[in-house]
Amino acid sequence: MSFAEEFESNLVSLAHVLQKKYALLRDLDKSLQENQRQNEQRCEKEIEEIRRGRAGNVTANTSLTQFSEEALDEQKHSVRIADEKVALAMQAYDLVDMHVQQLDQYMKKSEELRKEKEIAAASNVESSGEAGKAGEGRRGGRKKTRLATAAASTAAAAAGTTGMSSSGMDLDLPVDPNEPTYCICNQVSYGEMIACDNNECKIEWFHFGCVGLKEQPKGKWYCPDCATVKKGRKGR
């Protein structure tokens with residue numbers, strides 16, 4: 001059971017408990033009013049008897065403020081009922097206050113969890129962005145298409161409009177510093193590119209113009225460095 005469900009269940013029980021306590025308070029209040037009414041009548045009667053010199057149990061020398069034992073007992077009983085009412089009211093207040101504090105704690109915890117989720121979500125977004133950049137920077141996953149991406153083609157077209165060739169010359173284009181570089185010219189990808197078929201090639205991707213290609217070669221293709229190494233191994 002979640003905190004919200006448990007709290008809702010406690011609220012239902014709280015309503016029943018408060019209802020009982022309020023009913024008892026009403027009964028005590030009625031009893032107190034009845035006791036006070038009887039005591040007032042008794043005291044008025046005793047005062048009147050003292051005035052007439054017929055005090056009954058009260059002697060003639062007794063002060064007008066001293067009443068019979070019955071009257072004093074009624075007054076003490078009224079005080080006890082009043083104390084009981086105060087205690088019940090305090091119990092009801094404490095119950096409600098306890099639930100209010102529980103709700104405050106739940107709201108505070110919920111706010112903390114919400115902030116943690118927001119921070120975690122922001123961290124995931126940043127991690128995804130960094131992973132995407134790292135993925136772009138990896139030179140693995142050797143694709144057999146040997147063609148640059150659409151963005152690279154766009155860059156090549158832009159280079160053509162500015163009079164630049166794709167023969168390894170530096171491109172006078174705004175380049176993202178985080179974008180990976182390729183080829184022996186150590187430039188970003190543009191135009192048509194070809195991958196060396198040597199799995200251990202350090203560069204892997206090359207611009208057509210930088211390696212003297214004008215069209216896609218048939219079969220396997222090795223960059224100049226790897227081709228030299230391969231020939232050297234065959235000559236042994």
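The analysis underlying the following values was restricted to heavy atoms, covering all of them including side chains, and did not include hydrogens, waters or symmetry mates.
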J.: CG of L32 to CG of N39: how many Å apart, nearest 0.5 Å?
T.: 10.5 Å
J.: Test of understanding: with side chain to side chain contact (heavy atoms under 4.5 Å, CB included), list the residues that count as partners of V96, not counting sequence neighbours.
T.: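 Side chain to side chain contact (heavy atoms under 4.5 Å, CB included) check on V96 returns L18, V100.
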J.: Just by distance, do the side chain of N198 and the backbone of C226 share a donor-acceptor pair under 3.5 Å?
T.: no
J.: Considering all heavy atoms of both residues, which atom of P224 and which atom of V211 are nearest to each other, and what is their separation?
T.: CD-CG1, 4.2 Å
J.: With rounding to the nearest 0.5 angstrom, report the CD to CD distance, E48 to E46.
T.: 12.0 Å
J.: Any Lys/Arg nitrogen of E34 or R37 sitting under 4.0 Å from an Asp/Glu carboxylate oxygen of the other?
T.: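 Answer for the salt bridge query: yes.
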J.: Please name all residues satisfying side chain to side chain donor-acceptor pair (under 3.5 Å) with D29, sequence neighbours left out, ordered by chain then number.
T.: Q33, K85
J.: Mind checking the CD1-NZ spacing from I81 to K30? Nearest 0.5 Å is all I need.
T.: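 That separation rounds to 13.5 Å.
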J.: Verify the neighbour count for atom CD of E215: are there more than 12 heavy atoms of other residues, nucleotides or ligands below 6.0 Å?
T.: no
J.: Just how far is it from atom CG of L88 to atom OH of Y22, taken to the nearest 0.5 Å?
T.: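 The distance works out to 10.5 Å.
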J.: For M98 and D94, what are the C-alpha separation, side-chain angles and deciding distance, and is it a side chain to side chain contact (heavy atoms under 4.5 Å, CB included)?
T.: CA-CA 6 Å; M98 180 184 68; D94 290 340; over 6 Å; no
J.: Looking only at heavy atoms, which two atoms of K214 and F208 are closest? And how far apart?
T.: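 Closest approach of K214 to F208: C-CD2, 4.0 Å.
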J.: Going by an N to O cut-off under 4.0 Å, is there a salt bridge joining E111 and R114?
T.: yes
J.: Output, in order, the C-alpha distance, side-chain angles, deciding distance and verdict of side chain to side chain contact (heavy atoms under 4.5 Å, CB included) for D104 and K108.
T.: CA-CA 6 Å; D104 288 341; K108 183 178 180 180; over 6 Å; no
J.: Who are the side chain to side chain contact (heavy atoms under 4.5 Å, CB included) partners of N35, not counting sequence neighbours?
T.: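 So N35 forms a side chain to side chain contact (heavy atoms under 4.5 Å, CB included) with E74, H77, S78.
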J.: For V86, which fellow cluster members are found when Ile, Leu, Val, Met, Phe, Trp and Tyr are connected by side-chain heavy-atom distances below 4.5 angstrom, either directly or through intermediates?
T.: M90
J.: Side chain to side chain donor-acceptor pair (under 3.5 Å) with E112: which residues, sequence neighbours excluded?
T.: none
J.: On a heavy-atom basis, which atom in Q75 and which in C43 lie closest, and how many Å separate them?
T.: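 Closest approach of Q75 to C43: NE2-SG, 3.7 Å.
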J.: May I ask you to say whether E84 pairs ionically with R80, meaning some side-chain N is under 4.0 Å from a carboxylate O?
T.: no
J.: Rounded to the nearest 0.5 Å, what separation is found between the CG atom of L95 and the NE2 atom of H99?
T.: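 It comes to 7.0 Å.
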J.: Which heavy atom of G219 sits nearest a heavy atom of D197, and at what distance?
T.: O-OD2, 4.3 Å
J.: First locate atom OG of S189, then atom CH2 of W205, and finally report the distance between them rounded to the nearest 0.5 Å.
T.: 9.5 Å
J.: Can you classify the ring geometry of W221 versus F206 as parallel (below 30°), tilted (30 to 60°) or perpendicular (above 60°)?
T.: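 Perpendicular: the ring planes of W221 and F206 meet at over 60°.
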J.: Give me the atom names and distance for the closest heavy-atom approach of R42 to S68.
T.: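 Looking at all heavy atoms of both residues, the closest pair is CD-OG, 4.1 Å.
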J.: Looking only at non-hydrogen atoms, find the nearest pair between I184 and C210 and report the distance.
T.: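 The answer is CD1-O, 3.6 Å.
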J.: Apply the test side chain to side chain contact (heavy atoms under 4.5 Å, CB included) to residues D83 and V79: give CA-CA distance (whole Å), side-chain angles for both, the deciding distance (0.1 Å), then the verdict.
T.: CA-CA 6 Å; D83 289 341; V79 173; 3.8 Å; yes
J.: With sequence neighbours excluded, tell me which residues meet side chain to side chain donor-acceptor pair (under 3.5 Å) with Q41.
T.: none
J.: Under the side chain to side chain contact (heavy atoms under 4.5 Å, CB included) criterion, do Y182 and Q187 qualify, and how do the steps go?
T.: CA-CA 6 Å; Y182 306 92; Q187 295 291 330; over 6 Å; no
